[in-house]
*Asks:* 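Please read through the structure below; I'll follow up with questions.
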Amino acid sequence: MKTHWQSSLVVTILLIFLIVAISLIMTDRINNMEEERSFDRLEEQAGNLVNDIRREMVDDCRQLELLATVVSKYDDMTSDELWKIIDSYNTWGVISRLELLLPGDIVITDGGKEISSGGALSYEKEAAQGAHVTNRETDVRNKDQYVVRNYVPVVRDGNTVAMLYGVIELGSLPEELAVTSYGEAALYIIDAATGDFLVDTWHNDPDGNIWELGKREMAPGYDHEQLKQGLIDGETGYVVFVSDRIGEYLYFYYEPVGINRWQLALSVPEDIVFETAETIEHMMNVFLTVEAVCFALYFFWMIYYVKRETSTKERQLDTINYIYDVEKLLFNAHEQNENVIKALEKVAGITRAECVYLWVSDASVPDEYFKWCGNSGGLTAGETDQRMLQKLLEHFSEGNTEFADYDGYGLIAVPITDMEGKICGILACSGLDDRHVTPELLRNVDFSFSMFCHNRQSYLTIREQGERDLLSGLYNRNRFEMDISRYREQYRESLACIYMDVNGLHELNNSQGHDAGDRMLKTVAGYISAYFGDASSYRIGGDEFLAFAIDREEDEVVCQGRELAEKLEGQGIHISVGIEWREKVESMEELVRAAEKKMYAEKREYYQQASHDRRSEGRLLLKKGGNDNENEDQE
């Protein structure tokens, strides 16, 4: 027996040293992985921001070019009519306002007001460069504010007569660019030609210059000249250096924007990078300490506790397997609801309960109730079960953290809370016949159910955003492509496709601006949803809408289509409608094409009328300026 104890002690000591060595190796590996992951996240976020900036600049340039064409038709650059049009385009994208630069370095700003540039701008210099984006400059209206200008020439008869530019206020630019990978990441946009900061959320110095900050103390393996040369040459890279501001390492990633010689950079402090690693390391140290104590107690009391410890280990193993199984089932249960029922079955297995219930609450969608019963398989909770769960909700809303009643229904329950500590669900078991089954068994898996609630909410939100058209509120083309096949399975007697196109949208956008066009599209979408239902209505293109009518009489669908067009015509909006109604649908694609063909036939007939000629449509819509207010009332 003595030899057995000595052998066990040697083996235990070796195991302890092995665990300590593995822990140190794993800690170092985790740190390296977290560092690599931080740069991957910074690289991904920086790439997204660069793409956003490029896209915004391209969109802004296109809008400016279109507006410059309108401006070129006016001899008087200060006319009220012109500036009503220009002012209606203010504050789109990252542009804060629009201004005109005229020969003589005269600036025309809001409402057609003339001001002198005070030598800050040169018409000849800007006109010679054509369409371009400037670097950091002083605002002519506020000398203490830096801006970037996006210029396009105003050309009349082949000659540049003015320069139209959008003003991008650098002080407000960070608000337009959301940094989501790290909540504490700092954003920089650097002009590599001069070192000037266009954006610097770390130092908050509007006059800042990266070269004037001097050399930084670099982490091993990184060099200051490497950073400087990389920025100057427009390269992509990363460095780690000590921040004078906080006295710890900053992880700094940069890449070219593709505009002028701008470089976009993100930085994040070391404590954020290794926050997860430090937590894991702390947990491992705690684990090692507990493990060492357990080993010691195990040897001191081995003989006395051998039977009891064996039984305890078995129960712990069952619990661990139970927790693991539930966690594995709930990992993707937000996409596969049948896994929720399977997870409830696992809970029933460990608690030996007759029924297990789960209530999930989400402010954005109706509550969901799940139920598993051993004698009836997986079921959705009934009204009686829902009332019971609602009473439990009242109990937990008073601050209670568990519920146990063994005399009545043999019921135990715990609340499921979200990341903010708010109740997002309830897990309950009924039909218990063992008082040793406590709510603690449910607490072992409440985190897994909490993550399911969180994943479910995120999944539904992302799916809704990907399937809804933001302007009209109807389903978008993505959802249309997913839904089209199911309509053939849903109808029993007939199926109709209603294909609609808004007439005059292009002319309205040109004459009254895109806001007026957006209001018209919203109005059309509202009527379509009212007549054909939100669940089967789609905006599939810029001015094209489509809806399906299931098991409705042909006369009813045609009448609704006619009423819809007449209602919109009363609002000053004309649409072309094509309706294809069939009792038997062989091909959904062919059904849609037939409806589309009828719509185009009606559209051609509409534009063949002299009053609807496209060349006069813009002038007609311009005269009907009062329609905007009507559209706003309809919305």
Side-chain angles (χ1 to χ4, degrees), residues 42 45-46 49-50 52-53 56-57 94-97 118-121 133-150 166-219 222-257 259-273:
L42 289 174
Q45 184 62 37
L49 291 173
V50 165
D52 289 344
I53 293 173
E56 291 285 357
M57 287 298 186
V94 295
I95 290 178
S96 299
R97 66 178 186 276
L121 300 179
V133 178
T134 70
N135 290 317
R136 190 177 78 180
E137 297 180 340
T138 303
D139 191 356
V140 296
R141 289 173 30 174
N142 182 358
K143 303 299 183 182
D144 295 329
Q145 178 172 280
Y146 285 112
V147 299
V148 166
R149 296 179 174 88
N150 192 344
V167 177
I168 303 172
E169 296 178 353
L170 297 181
S172 61
L173 187 57
E175 299 175 4
E176 305 291 336
L177 306 173
V179 181
T180 57
S181 286
Y182 286 111
E184 295 79 1
L187 170 65
Y188 317 82
I189 298 179
I190 304 165
D191 180 2
T194 62
D196 291 337
F197 285 112
L198 279 70
V199 173
D200 179 4
T201 63
W202 181 255
H203 302 97
N204 292 319
D205 181 6
D207 296 309
N209 183 286
I210 191 169
W211 312 134
E212 294 178 359
L213 295 176
K215 287 190 175 183
R216 295 157 180 79
E217 179 185 347
M218 293 289 176
Y222 299 98
D223 182 74
H224 175 77
E225 294 302 322
Q226 170 195 358
L227 169 63
K228 184 173 182 179
Q229 198 61 43
L231 291 173
I232 292 175
D233 293 343
E235 297 176 351
T236 296
Y238 58 86
V239 294
V240 181
F241 58 83
V242 177
S243 168
D244 292 336
R245 177 181 167 188
I246 61 175
E248 65 177 75
Y249 282 129
L250 275 185
Y251 285 70
F252 188 90
Y253 176 85
Y254 57 90
E255 70 173 79
V257 177
I259 300 172
N260 298 339
R261 293 181 61 187
W262 296 358
Q263 289 279 97
L264 183 141
L266 294 175
S267 70
V268 64
E270 181 183 31
D271 61 340
I272 302 300
V273 172

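We're numbering straight along the sequence, starting at 1.
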*Asks:* Minimum heavy-atom separation for T134 to N260, with atom names?
*Replies:* O-ND2, 3.5 Å
*Asks:* So E255 and L49, do their side chains get closer than 4.5 Å, heavy atoms only?
*Replies:* no
*Asks:* I need the N150 CG to E56 CD distance, nearest 0.5 Å.
*Replies:* 11.5 Å
*Asks:* Measure the OH-CG distance between Y254 and L227 for me, rounded to the nearest 0.5 Å.
*Replies:* 5.5 Å
*Asks:* Would you check if E225 and K215 make a side-chain contact, meaning some heavy-atom pair closer than 4.5 Å?
*Replies:* yes
*Asks:* Closest heavy-atom contact between Y249 and V242?
*Replies:* CE2-CG2, 3.5 Å
*Asks:* Is the shortest heavy-atom distance from the side chain of W211 to the side chain of T194 under 4.5 Å?
*Replies:* no
*Asks:* Step through it carefully: locate the ring centre of F241, locate the ring centre of F252, and say whether they are under 6.0 Å apart.
*Replies:* yes
*Asks:* Side chain to side chain contact (heavy atoms under 4.5 Å, CB included) between I168 and M57: does it pass, once the steps are laid out?
*Replies:* CA-CA 10 Å; I168 303 172; M57 287 298 186; 3.4 Å; yes
*Asks:* With the side chain counted from C-beta on, respond yes when V239 and R216 share a heavy-atom pair under 4.5 Å apart, and no when they do not.
*Replies:* no
*Asks:* So how far is it from N209 CG to D191 CG, rounded to the nearest 0.5 Å?
*Replies:* 9.0 Å
*Asks:* Can you tell me how far the CZ atom of R97 sits from the CG atom of D139, to the nearest 0.5 Å?
*Replies:* 4.0 Å
*Asks:* On a heavy-atom basis, which atom in R136 and which in D207 lie closest, and how many Å separate them?
*Replies:* NH1-C, 3.8 Å
*Asks:* Within a strict 4.5 Å, meaning less than it, do heavy atoms of the R149 and L121 side chains meet?
*Replies:* yes
*Asks:* Please lay out, stage by stage, how L264 and I53 fare under the test side chain to side chain contact (heavy atoms under 4.5 Å, CB included).
*Replies:* CA-CA 10 Å; L264 183 141; I53 293 173; 3.6 Å; yes
*Asks:* What heavy-atom pair brings G234 and P256 nearest, and what distance separates the two atoms?
*Replies:* O-CG, 3.4 Å
*Asks:* Please report the interatomic distance CG(D196) to CD(E137), rounded to the nearest 0.5 Å.
*Replies:* 11.5 Å
*Asks:* Using modelled atom types only, decide if a donor and an acceptor are shared between the side chain of Q263 and the backbone of A192 within a distance under 3.5 Å.
*Replies:* no
*Asks:* Looking at L187, I189, L266, which one forms a side chain to side chain contact (heavy atoms under 4.5 Å, CB included) with T201?
*Replies:* L187
*Asks:* For the residue pair V147 and E169, what are the closest heavy atoms and their distance?
*Replies:* CG1-CA, 4.2 Å
*Asks:* Apply side chain to side chain contact (heavy atoms under 4.5 Å, CB included) to I232 and R261, showing your working.
*Replies:* CA-CA 8 Å; I232 292 175; R261 293 181 61 187; 3.6 Å; yes
*Asks:* Verify side chain to side chain contact (heavy atoms under 4.5 Å, CB included) between M218 and Q226, making sure each step is shown before the conclusion.
*Replies:* CA-CA 11 Å; M218 293 289 176; Q226 170 195 358; over 6 Å; no
*Asks:* Of Y146, W262, Y188, which meets side chain to side chain contact (heavy atoms under 4.5 Å, CB included) against L198?
*Replies:* W262
*Asks:* State whether the number of non-hydrogen atoms from other residues, nucleotides or ligands found under 6.0 Å of D244 atom CG is greater than 12.
*Replies:* no
*Asks:* If you count every heavy atom of other residues, nucleotides or ligands that lies below 6.0 Å from E217 atom CD, does the total exceed 12?
*Replies:* no
*Asks:* What do you reckon, is OH of Y238 surrounded by more than 12 foreign heavy atoms closer than 6.0 Å?
*Replies:* no
*Asks:* Could you check if a side-chain atom of V133 sits within less than 4.5 angstrom of a side-chain atom of V148, using non-hydrogen atoms only?
*Replies:* yes
